[in-house]
Amino acid sequence: MSTARKINVFGLSLKGMEDLMVAHGEKPFRGRQLFQWIYQKESTDFTQMSNFNKELRDLLDAKHDVRLPEVVRKQRDPEDTTAKYLVKFSDGAMVEMVLIPVRERLALCMSSQVGCSIGCKFCATGLVGFKRNLSAGEMIGQFMLARNLTGDKELANVVMMGLGEPLLNLENVVEAIRTISSEQGLGFSARKFTISTVGLVNEIRKLTEMRLKSGLALSLHAPIQSLRERLIPSAKDNPLDKLIPACREYALQSGDRITLEYILIAGITDTMLCAKELALLTRKIPCKINLIPYNPIVDPKGVPLAPIKEVKKGRVAAMRGTTARTSDGPKPYSPYDFRTPSQDAIDQFREYLYPRCPAVTLRTPKGRRIAAACGQLVAQVEKAAG
Ligand code: SAH
Ligand code: SF4
């Protein structure tokens, strides 16, 4: 049988592998053995799986294969050694994965979707639009690729902050985390994961019910509802007065504080009014704050760092803020309105928060020279390609 017709077993959960073995007339424990071969021993060759008899090895080899995604491009920031990888799946879809140095160890930033349907005005992925969800296997594949790329450094933690909105691909994200954290699989604790979300109330509630122990990061970006609506299209249907209590419930369930991600955009989110409102909001929820200086997604001439073809197909209007209505009336922002604040403005904002809020960190703009804000590598490669 040709490789193209074989069914890929990489990415199946433990249950999926047990079911597969039962379908081949075997006992379920054979599925657990296969799971260990693939995720613990990283074997891709059925013929080497020594605790299966020859008949089973040949059957698996004839009907299945073990296909990991592949790295097709790498960019390394010469100054801070952040490395960004373009990862390609079997259907040709591509996502980004970033390895970020954190003292002696590395943090992995992985993608959950190809593109994103939310369309935040400051985000390169939003400009590209949505293509498809990643399967659990495609997320596990990023993790395994990353683990093999770390060299002698340890992988400290994983953040779901690459392309996509993880909570719009909730089942697959949770299955990937459960498989990676399983003792029979990769044994990498679910607590070392952080799921970053734009803030979807119903999905956060579902995640709470799933009793996952991973961290949750809320991309807050604005502490005032009307301002948030001008930056994030989904904010109107997920108002702060519902979103914050939903995140609070998640924090209580997981036993860990929520990280509030906050992009500082000059004159828009870095104002003293925002600093005051943000400080007030932090009293309602166990949290820490991560301030992120805006990373430009259009070049100084206003040309988007995104695939030109696709931007022309209707996204220019969205970028210029002529689409969604907000409850207060003012138009949504567009990337043309955004600038990175001066260092003084960033310091002032942080200094106001520092004594008033539980924990405030400023994300150093690592990987800036390789366009490490989400979505930018895919955008550039696609742009170069056509
Ligand atoms: N969809 C999820 C996760 C992916 S975005 C979410 O929105 O949280 C990952 C992080 O990158 C988010 O906090 C997002 O706000 C941030 N980000 C996106 N574009 C950015 C930019 N141009 N500059 C700085 N941070 C950006
Ligand atoms: Fe999607 Fe997150 Fe980018 Fe918004 S910031 S468009 S939710 S990936």
Side-chain angles (χ1 to χ4, degrees), residues 84 95-98 100 107-131 133-134 139 158-170 173 193-200 203-204 207 214-222 228-235 237-238 243 247 258-266 268-270 289-299 304-306 315 318-319 323-324 332-341 346 361-368 370-379:
K84 187 159 174 165
V95 296
E96 299 167 8
M97 177 180 102
V98 187
I100 307 151
L108 165 65
C109 173
M110 67 151 80
S111 296
S112 56
Q113 297 183 310
V114 186
C116 181
S117 58
I118 302 282
C120 298
K121 306 297 175 190
F122 47 79
C123 175
T125 313
L127 293 182
V128 176
F130 176 72
K131 290 187 180 160
N133 278 335
L134 291 188
M139 286 178 264
V158 179
V159 290
M160 291 264 177
M161 284 190 188
L163 269 67
E165 169 47 44
L167 298 193
L168 288 179
N169 188 16
L170 187 59
V173 164
F193 276 82
T194 300
I195 299 174
S196 177
T197 176
V198 70
L200 306 172
E203 284 73 12
I204 292 170
L207 190 66
S214 302
L216 186 69
L218 170 65
S219 288
L220 180 72
H221 307 324
R228 203 165 181 266
E229 288 179 20
R230 295 180 73 188
L231 296 165
I232 301 174
S234 59
D237 293 332
N238 294 275
L243 189 53
C247 288
I258 302 293
T259 304
L260 299 179
E261 304 283 337
Y262 193 96
I263 299 185
L264 289 166
I265 307 174
I268 296 177
T269 62
D270 70 344
I289 300 177
N290 193 6
L291 300 175
I292 316 159
Y294 170 67
N295 204 1
I297 60 165
V298 288
D299 77 6
L305 295 169
R315 293 245 162 206
M319 286 172 66
T323 49
Y333 285 108
S334 88
Y336 297 106
D337 301 319
F338 302 151
R339 302 279 175 275
T340 310
I346 294 172
T361 52
L362 178 67
R363 193 192 289 172
T364 44
K366 281 184 177 156
R368 195 177 275 266
I370 53 170
C374 76
Q376 291 188 351
L377 183 64
V378 168

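Numbering of ligands and ligand atoms starts at 1, following listing order.
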Report task. Please work out whether the ring planes of F338 and Y294 are parallel, tilted or perpendicular, with thresholds of 30° and 60°. Result -> perpendicular
Requested in this report: Heavy-atom contacts with I263 under 4.0 Å: which atoms of ligand 1 show up? List them by number with element.
Outcome: 15 (O), 17 (N), 20 (C), 24 (C), 25 (N), 26 (C)
Query raised in the report: Can you list the atoms of ligand 1 that are under 4.0 Å from a heavy atom of T197?
Result: 6 (C), 8 (O)
Query - Pairing residues for T194 by the side-chain contact (heavy atoms from CB on, under 4.5 Å) criterion, not counting sequence neighbours - result: V159, A217
Query raised in the report: Would you say S219's side chain and E261's backbone share a donor-acceptor pair under 3.5 angstrom?
Result: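 No; judged by distance alone, with no hydrogens or angles, the pair does not exist.
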Report task. Could you confirm whether C116 has any N/O/S atom lying under 2.8 Å from atom 1 (Fe) of ligand 2? Result ->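 Given the 2.8 Å cut-off, C116 counts as a ligand of atom 1 (Fe) of ligand 2.
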Query raised in the report: Given that the side chain starts at C-beta and the backbone is N, CA, C, O, which of these parts of S219 lies under 4.0 Å from ligand 1, counting heavy atoms, or is it both or neither?
Result: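 It is the side chain that touches ligand 1; the backbone stays farther off.
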Report task. Indicate, as side chain, backbone, both or neither, the part of N295 found under 4.0 angstrom from ligand 1 when only non-hydrogen atoms are considered. Result -> both
Query - Non-hydrogen atom of G164 closer than 4.0 Å to ligand 2 - result: yes
Query - Distance (rounded to the nearest 0.5 Å) between K84 NZ and I100 CD1 - result: 9.5 Å
Report task. Please name all residues satisfying salt bridge (charged side-chain N to carboxylate O under 4.0 Å, His left out) with E203, sequence neighbours left out, ordered by chain then number. Result ->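 E203 satisfies salt bridge (charged side-chain N to carboxylate O under 4.0 Å, His left out) with no other residue.
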Query raised in the report: Got an N, O or S from C120 under 2.8 Å of atom 3 (Fe) of ligand 2?
Result: no
Query - Sub-3.5 Å N/O-N/O distance, G164 and ligand 1 - result: yes
